[in-house]
Amino acid sequence: MKVKNRGALLGSRILDLLTIAVVAAFLFPYLFMVSSAFKTRLETFAYPPVWLFTPTFEHFENIFDNMNILFYMKNSTIIAVCSTLLTILIAIPATYSFARYRFRYKEGVAYGFLFLQMVPGISIVFALFFIARALNLFDTHIFLIVVYLLWNIPYAIWMMRGFVEGIPVELEESAMVDGASRFKAFRLITLPLMAGGVAATAILIFIGVWNEFSLAFFLTSTNARTMPTTIAFFMTHSGIKWGPMFATATIGTLPVVIFALLVRRYFISALTFGAVKG
Amino acid sequence: MNGDIRSQRRRPTWLGPAILILPAFAVVFSIAAYSAFSLFQLSTVDLTFGEPFRLAEGVGLQNYQWLLTNEHSTFGATVRITIHYLLGTLIPELLIGFAIALLLNRKMRGNSLFTALLIIPVVLMPSMVGLIGRLYFSYDGLINFFFESVTGVRHNWYGKDLALVAVILVDIWEWTPFFILILLAGLQTLPVEPFEAARVDGASRWQSFAHLTLPMMLPLILTTLILRFMDVLRLFDVIFVMFSGGPGTATTTLPLYVYRTTLVQRDVGRGSAASVMLIIIIVALTVILIKLRERIKFEA
């Protein structure tokens, strides 16, 4: 009996170690990339790879001083923040409607939104390119902000609908019995209760826009260029500038990683359009 | 606003919800309709990218016909590469992801921290992931270092035989956590009673996995597969940055084909026709998969 217990304990220790090894394996490529941002060019290309080295900050200095990375961060921030706020503002009433009313063709309309969300960016980006040219909006912040709404609004509706449906409708009804209007009941009761879900949705939309590549790459040139599309600057005729690129990637991914860890409670819902609760 | 919504009870019941949905509907469907109209229009003309639109010559549906039937068209080969890419990513991601989810689904200190950390690959900037992949798969890169340590040989991942494999491996690294996270969440909400009953009846671990866990998880597995399927089919950025569809056409999946036809060959008409077909393929296959999942759900 005792032996069996010891065996079980050993087995569970082995599984613990295996778990840690698996998680480490998934994090390793990212951590190695971050560490490479602090390596000199020679160290980046060393074979076999260098594991211990004196960190250098030259690449970070380089991207801030010579590549004007702050400008692209500013563009990314403006576009991501504006598109996210607009999305939430437009999506909240629609979400409420889907969650709280019964009407004909409701699911049909909801799926209509979902199908539009499925359209690949790359498949309409060149049509959008011609539209932007025709409207004189090529390489502007506003064009990207509006275009992203096509994907963001359906996503927000599907995400937030689950959160609203999770709040008992009786709370609102009792407020309305007490004389509050439907809007007031929503504003005073449901909105505060769904605030966490709205914040999580907003953060996930922000991450999506911040990371988005194909539309930003083909619909901007210099003025509205965003962080992810700056990679083109690192692919030069004389080869790829790995150091500055890793420094940019490190800075560009840091806010996203922090944000994602903040809303990890909502992450499963986020990945499945609210179909699965974490 | 207050009065409007309050008094909607006396009006037709669809008016309230319709007013609330209208802004979202108007914005989304007008952008979509405008783009769809332009895209379809572009797919019926002969136009070189860079030329003004007034030089476009209407050719009807000839672009579609060319893509599907012309002997010089590589559309068929592209579809084949896309299928390889789909199977090469989805199957390993599901199997590895499910296995790791089962591994994580037990009481252990720090488990919630581990699952949180697995979010990181999923939220990284895809363009940067592409560049990471490009460096790690270079001849003197990290991947070859590990390969040489274990097998003693290095591979040319940039060559046309292995480029697609390299792109697939990057996707597996980035997106297996997606399966892990969702399937783990599913495993944690399974009811306990059936498993206890099975243990009392003397079922082996494998039996309770095959007869209880698997059938109960099937709907969620299908949902996850459908979501990933849509994403893999429209993936552009990582492949674009790693190999931009090359060498040759080795990594030219459908989204890459759209890009290369429109911008590299500068053929706007055929590129747009390919875009339309990509949209139709994604929507049609997803509808079929959703229907399929519903049927399985009812049978289960």
Side-chain angles (χ1 to χ4, degrees), chain A residues 15-16 18-19 22-23 26-27 29-30 33 45 47-49 90-91 93-94 96-97 101 103-104 113 115-116 118-120 122-124 126-128 130-131 147 149-150 153-154 157 181-183 207 211 213-214 228 231 242 245 249 252-253 256-257 260-261 264 267-268 271-272 275-276 278, chain B residues 1-2 5-6 13-14 16-17 20-21 23-24 27-28 31-32 34-35 38-39 42 53 100 103-104 108 114 116-121 123-128 131-132 135 140 142 145 173 177-178 181-182 185 220 223 227 230 234 236-237 241 255 258-259 262 271 275 278-279 282-283 286:
Chain A
L15 288 181
D16 285 357
L18 194 61
T19 309
V22 162
V23 175
F26 277 104
L27 288 184
Y30 174 63
M33 187 275 289
F45 280 103
Y47 189 92
I90 297 172
Y96 183 81
S97 183
Y101 287 91
F103 52 95
R104 251 212 272 185
F113 277 109
F115 284 131
L116 289 180
M118 280 163 28
V119 170
I122 190 70
S123 69
I124 58 168
F126 299 112
L128 288 168
F130 280 94
I131 292 174
V147 161
L149 295 178
L150 172 58
I153 290 176
I157 291 175
S181 68
R182 188 158 194 149
F183 178 68
I207 292 176
N211 284 347
F213 178 80
S214 8
I231 52 139
W242 291 106
M245 182 229 116
T253 50
V256 168
V257 168
L261 294 179
R264 61 174 189 272
F267 212 73
I268 308 299
L271 293 176
T272 58
V276 183
Chain B
M1 178 100 183
N2 270 4
I5 293 174
R6 191 180 203 176
T13 46
W14 53 266
L20 292 174
I21 291 175
V27 169
V28 170
I31 301 172
Y34 198 174
S35 324
S38 307
L39 178 61
L42 289 172
F53 185 71
I100 296 175
L103 175 69
L104 282 168
M108 172 184 168
F114 290 145
L117 290 175
L118 284 175
I119 294 173
I120 290 175
V123 295
L124 293 181
M125 254 177 212
S127 59
M128 300 302 172
L131 270 185
I132 295 176
L135 180 67
D140 291 328
L142 211 51
F145 170 71
W173 164 61
F178 178 87
L181 292 167
I182 297 177
L220 186 59
T223 306
L227 288 165
M230 280 159 48
R234 60 186 177 181
F236 173 76
D237 29 29
V241 174
V258 167
Y259 153 74
T262 314
S275 297
L278 172 61
I279 295 173
I282 287 192
V283 173
T286 309

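FYI, side chains are in, hydrogens and waters are out, and symmetry mates aren't considered; it's all heavy atoms of this structure.
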Please look at L149(A) and chain B and tell me whether the side chain, the backbone, both or neither of the residue comes under 4.5 angstrom of a heavy atom of that chain.
-> both
Is it the side chain or the backbone of V283(B) that comes within 4.5 Å of chain A heavy atoms, both, or neither?
-> both
Under 4.5 Å to a heavy atom of chain A? For P23(B) that would be both
Heavy-atom contact with chain B under 4.5 Å, split by part of V22(A) = side chain
Top contributor to chain A contacts, counting heavy-atom pairs under 4.5 Å, from L142(B), L278(B), L181(B), L104(B) = L142(B)
Could you give the distance from CZ (F115(A)) to CD1 (I282(B)), rounded to the nearest 0.5 Å?
-> 12.0 Å
The interface call for L116(A) against chain B, heavy-atom contacts under 4.5 Å, is side chain
Chain A contact via L117(B) - which portion, at a heavy-atom distance below 4.5 Å | both
F145(B) versus chain A, the contacting section by heavy-atom distance below 4.5 Å | both
Who passes side-chain contact (heavy atoms from CB on, under 4.5 Å) against A127(A), sequence neighbours left out?
-> S38(B), L39(B), L42(B)
Highest number of heavy-atom pairs under 4.5 Å with chain B among I157(A), L128(A), I90(A) belongs to I90(A)
Taking the six-membered ring of Y101(A) as reference, does the NZ or CZ atom of R182(A) fall below 6.0 Å from its centre and within a 45° cone about the axis?
-> yes
Which atoms of F130(A) come close to chain B, meaning under 4.5 Å heavy atom to heavy atom: side chain ones, backbone ones, both, or neither?
-> side chain
With only heavy atoms counted, which part of L118(B) is less than 4.5 Å from chain A, the side chain, the backbone, both or neither?
-> side chain
Could you tell me whether a side-chain N or O of T262(B) sits under 3.5 Å from a main-chain N or O of Y259(B), the two making a donor and an acceptor?
-> no
Sort out for me which of L27(A), T253(A), V147(A) touches chain B most, counting heavy-atom pairs under 4.5 Å.
-> L27(A)
Between T19(A) and I100(B), is a side chain to side chain contact (heavy atoms under 4.5 Å, CB included) present by the stated rule, with each step listed?
-> CA-CA 8 Å; T19(A) 309; I100(B) 296 175; over 6 Å; no
Side chain / backbone / both / neither for Y30(A) at chain B, heavy atoms under 4.5 Å = both
For L261(A), what residues pass the side-chain contact (heavy atoms from CB on, under 4.5 Å) criterion, not counting sequence neighbours?
-> V257(A), A116(B)
